[in-house]
Amino acid sequence: MEIIIGSTAEELAAIAAAAIVRQVDRNPKIVLGLATGSTPRPLYAELARAAAAGTDFRQVQGFALDEYVGIAKDHPESYASVIQREVVLPLSMVRERVHVPDGRAFDLAFAGPQYDADIQAAGGIDIQILGIGRNGHIGFNEPGSSLSSRTRVKTLTNDTRVANARFFASVDEVPTHCLTQGLGTIMDARRVFLFAFGEAKAEAIANALEGPLSASCPGSVLQLHPHATIFVDEQAAAGLTHAEYYRYAYAHKPDWQEL
Ligand code: F6R
């Protein structure tokens, strides 16, 4: 894992966006895995600036990480709506090329494997963008998730529903279930960019990056990923034992080794 500690979310988003733009310039048909929530917003804002400056995202494909079960697609807080509002429109992507799991599928048991098959048919995810929950979840793979799980229905923890209540009128309106890419699905991505900002994420980041590999902290599965880059601000990095080494390694990154 490469761990980049920055002073602000904006600074880190600019570094990550530059790397993504470089890849899009090389391969305009790149496949991006798209997280929702507050964390990736600075990154999407940087990518929107790049789009305004001429980077062409029209051939890029996108696969959202997850969707609530039972919520109408046009509900303002469905991840289909959020991805449309925060990613597709600002980056001038083509709506048909951006996929979100169908949380209203008639056959939810089939919708997960179908989503994994769609990702495979697109050639697999080149860069998966991730946030992390306070309980260590990535996607909505809550603690206890199989480290090799595939896209499927999961029950949200109370902690996750409380954390996401800020997007709804009350916690009672937050759906209880979701369709989420599995940890095995996420691990299939060629590259992973995980972002975490603020002290509320410090414990999850310490457990994910330096704790034991464990279903108790689903994000810890990234320790097995061959090409994961972690972008954390000082507050989210506060619990890391080896922070000084990560800073040193990034400062001494060989010139030929691009992000
Ligand atoms: C979002 C997702 C979640 C969030 C996580 C952090 O698609 O799958 O794992 O990344 O809950 O959420 P924020 O960024 O709102 O703190």
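Ligands are counted one by one from 1 in listed order, and the atoms in each one are counted from 1 as well. Since we're looking at a predicted model, the values are computed, not measured.
- For atom 6 (C) of ligand 1, the candidate residues are I132, T160, T36; the nearest heavy-atom contact is made by I132.
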Using the rule given for salt bridge (Lys or Arg N to Asp or Glu O under 4.0 Å), can you reason through R150 versus D188, listing the C-alpha separation, both sets of side-chain angles and the distance that settles it, and then say yes or no? CA-CA 10 Å; R150 313 301 307 180; D188 284 345; 2.8 Å; yes

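- Only side-chain heavy atoms of R166 come within less than 4.0 Å of ligand 1; its backbone N, CA, C and O stay farther off.
- Of the possible donor and acceptor atoms, none in the side chain of Q84 sits under 3.5 Å from a partner among the backbone N and O of L89.
- Within the structure, the closest approach of K201 to ligand 1 falls below 4.0 Å when heavy atoms are considered.
- Considering all non-hydrogen atoms of both residues, Y44 and E86 come closest at CB-O, 3.7 Å.
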Pair up each side-chain donor or acceptor in residues 117-129 with any protein partner under 3.5 Å, not counting sequence neighbours, and list the distances.
unit_1	atom_1	unit_2	atom_2	d
D118	OD1	Q114	NE2	2.9
D126	OD1	R190	NH1	2.7
D126	OD2	V31	N	2.8

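- When the heavy-atom distances from atom 3 (C) of ligand 1 to A204, G33, G198, G139 are ranked, the shortest goes to G139.
- Protein heavy atom nearest atom 11 (O) of ligand 1, with residue, atom name and distance: H137 NE2, 2.7 Å.
- Of the N or O atoms in S38, one or more lie within a sub-3.5 Å distance of an N or O in ligand 1.
- Closest to atom 2 (C) of ligand 1 by heavy atom, among I138, L130, I186, D66, is D66.
- Using a cutoff of 4.0 Å between basic side-chain nitrogens and carboxylate oxygens, E67 and R104 are not scored as salt-bridged.
- Using a 4.0 Å cut-off between a side-chain N of Lys or Arg and a carboxylate O of Asp or Glu, E142 and K154 do not qualify as a salt bridge.
- Among protein heavy atoms, the minimum distance from atom 14 (O) of ligand 1 is reached at T39 OG1, 2.4 Å.
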Could you check K201 against R134 for side-chain contact (heavy atoms from CB on, under 4.5 Å), going step by step and ending with a plain yes or no? CA-CA 5 Å; K201 300 293 173 72; R134 292 183 304 207; 4.2 Å; yes

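- Distances below 4.0 Å separate heavy atoms of G131 from the following atoms of ligand 1: 10 (O).
- With respect to the salt-bridge test (charged N to carboxylate O, under 4.0 angstrom), the residues R166 and E173 do not qualify.
- Not a single heavy atom of E67 sits less than 4.0 Å from an atom of ligand 1.
- Considering backbone and side-chain N/O atoms, N164 never comes within less than 3.5 Å of an N/O atom of ligand 1.
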